[in-house]
Amino acid sequence: MRNLLITLVLSGLIISQTSAQKLKIGIVGGPVMSTTNKATNSYSTTGDSSRDRTVTVKSQVSFFGGVVASMPVGKNIIFKPQLQYIVKGWRVDHDYLNRDDWHTKLVSQWIEMQMNFLYAVPAKNGRFFFGLGPQVSCALSAMLHDSRPGMDKKIEFEKGEMGDNNPQANRFDVGMNLIGEYEFRKGFFISLNYSRGFIDFRNDLDTDINPQNKNIVVSLGIGYMFK
């Protein structure tokens, strides 16, 4: 992880030095729909139907905002790093056969750096951009909100022990983005971004209860590049 972060930072510094004279800075923000790769499952317990349930994973709507830079690195190719604050999470519904249902909501706040390389296609009133790139993320905080009274829990960023009631999580994540964008001549732009984390967010030792929980995010950005 450390070597990857160093490589990405050095690459960005080299590119910025070669393109500083054409550097543009902008702002961007918008809605986010986030979820996890955790699958919906049904559980059936022999001899105890009160524990039979269906666990359904649902997406959550939140927001992001940040600053973005644009630097040409070749013909029709630009390097577009983006530093942003983003809220991620998902909801899990526990639907029981013979007892009251309940749900949890995971809400986590992140500082994230995206490093996208985009290919420009000229259009009548601006340019289309298509590209991809890596991202690195650092979680600032996270909470597990429970619909049952008094059951909310703060997520700790450390490795837990088997049977520990406090949820544990990994603070850092790396992933990949796919992005499509349209920039108008006046500097305004609209972007659609899909990103997927590679590192399991929850790191509880009990993997039967908390299998892979990798962040998946779709965001719609509205921004402006200053001349």
Side-chain angles (χ1 to χ4, degrees), residues 1 3-37 59-90 109-138 172-199 214-227:
M1 166 71 80
N3 291 336
L4 176 61
L5 291 174
I6 293 173
T7 300
L8 293 174
V9 170
L10 290 177
S11 298
L13 289 175
I14 292 172
I15 292 172
S16 64
Q17 288 297 318
T18 59
S19 305
Q21 68 278 14
K22 297 182 179 179
L23 173 67
K24 292 182 179 181
I25 301 295
I27 55 175
V28 64
V32 167
M33 184 172 68
S34 60
T35 186
T36 174
N37 66 322
S59 59
Q60 289 278 91
V61 176
S62 56
F63 66 95
F64 82 99
V67 295
V68 59
S70 176
M71 295 172 281
V73 296
K75 185 179 180 180
N76 296 329
I77 298 177
I78 66 169
F79 173 56
K80 200 166 187 180
Q82 183 168 305
L83 180 64
Q84 62 187 25
Y85 168 82
I86 184 171
V87 179
K88 305 178 185 181
W90 55 83
Q109 293 83 31
W110 299 75
I111 291 294
E112 185 170 275
M113 171 63 83
Q114 297 184 357
M115 289 156 281
N116 297 312
F117 289 86
L118 306 181
Y119 182 80
V121 179
K124 183 177 180 181
N125 295 312
R127 294 185 296 176
F128 285 104
F129 291 95
F130 305 94
L132 73 168
Q135 71 176 31
V136 292
S137 308
C138 176
F172 296 98
D173 192 11
V174 296
M176 181 62 67
N177 305 301
L178 294 175
I179 184 170
E181 182 178 303
Y182 185 82
E183 181 180 299
F184 299 90
R185 295 188 185 278
K186 297 295 185 179
F188 291 97
F189 67 90
I190 299 175
S191 64
L192 182 64
N193 186 88
Y194 170 86
S195 66
R196 185 184 180 102
F198 295 155
I199 296 178
K214 297 178 181 179
N215 286 303
I216 299 174
V217 176
V218 176
S219 61
L220 177 64
I222 301 173
Y224 179 77
M225 300 300 299
F226 298 97
K227 301 295 184 181

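By convention here, the first residue in the shown sequence is residue 1.
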(message) Can you give me the closest heavy-atom contact between Ser219 and Phe64, atom names plus distance?
(response) CB-CE2, 3.9 Å
(message) Rounded to the nearest 0.5 Å, what separates atom OG in Ser191 from atom CG in Leu220?
(response) 7.0 Å
(message) Less than 4.5 Å apart, side chain to side chain, heavy atoms only: is that true for Leu83 and Ile111?
(response) yes
(request) Would you please name every residue forming a side chain to side chain donor-acceptor pair (under 3.5 Å) with Glu183, sequence neighbours left out? (result) none
(message) For the CG atom of Leu178 and the CZ atom of Arg196, what is their distance to the nearest 0.5 Å?
(response) 11.5 Å
(message) To the nearest 0.5 Å, what is the distance between CZ on Phe184 and OH on Tyr224?
(response) 13.5 Å
(request) Just grab all the salt bridge (charged side-chain N to carboxylate O under 4.0 Å, His left out) pairs involving residues 63-87, residues at least two apart or on different chains. (result) Lys80-Glu181
(request) List in chain and number order the residues that pass side-chain contact (heavy atoms from CB on, under 4.5 Å) with Ile25, two or more places apart in sequence or in another chain; answer none if no residue qualifies. (result) Leu23, Ala69
(message) Which residues pass the side chain to side chain donor-acceptor pair (under 3.5 Å) test with Ser137, not counting sequence neighbours?
(response) Glu112
(message) If you count every heavy atom of other residues, nucleotides or ligands that lies below 6.0 Å from Met176 atom CE, does the total exceed 12?
(response) yes
(request) Flag the pair Phe189 / Val28 as yes when at least one side-chain heavy-atom distance between them is below 4.5 Å, and no otherwise. (result) yes
(message) Would you say that Met113 contacts Cys138 through its side chain, given a criterion of any heavy-atom pair below 4.5 Å between the two side chains?
(response) no
(message) Quick check for you: to the nearest 0.5 Å, what is the distance between Ile86 atom CD1 and Gln109 atom CD?
(response) 11.5 Å
(message) Return the CZ to OG distance between Phe129 and Ser70, rounded to the nearest 0.5 Å.
(response) 6.0 Å
(request) Check for a donor-acceptor pair, side chain of Asn215 on one end and backbone N or O of Gly197 on the other, with a separation under 3.5 Å. (result) no
(message) Just to verify, what does Phe63 make a side-chain contact (heavy atoms from CB on, under 4.5 Å) with, not counting sequence neighbours?
(response) Tyr85, Val87
(request) Could you tell me whether the side chain of Asn193 reaches within less than 4.5 Å of the side chain of Val217, counting heavy atoms only? (result) no
Enumerate donor-acceptor pairs with a distance under 3.5 Å from any side-chain N or O in residues 115-128 to protein atoms, sequence neighbours excluded.
| residue | atom | partner | partner atom | Å |
| --- | --- | --- | --- | --- |
| Asn116 | OD1 | Asn177 | ND2 | 3.3 |
| Asn116 | ND2 | Gln114 | OE1 | 3.4 |

(message) For Gly89 versus Ser34, what's the shortest heavy-atom pair and its separation?
(response) O-OG, 2.8 Å
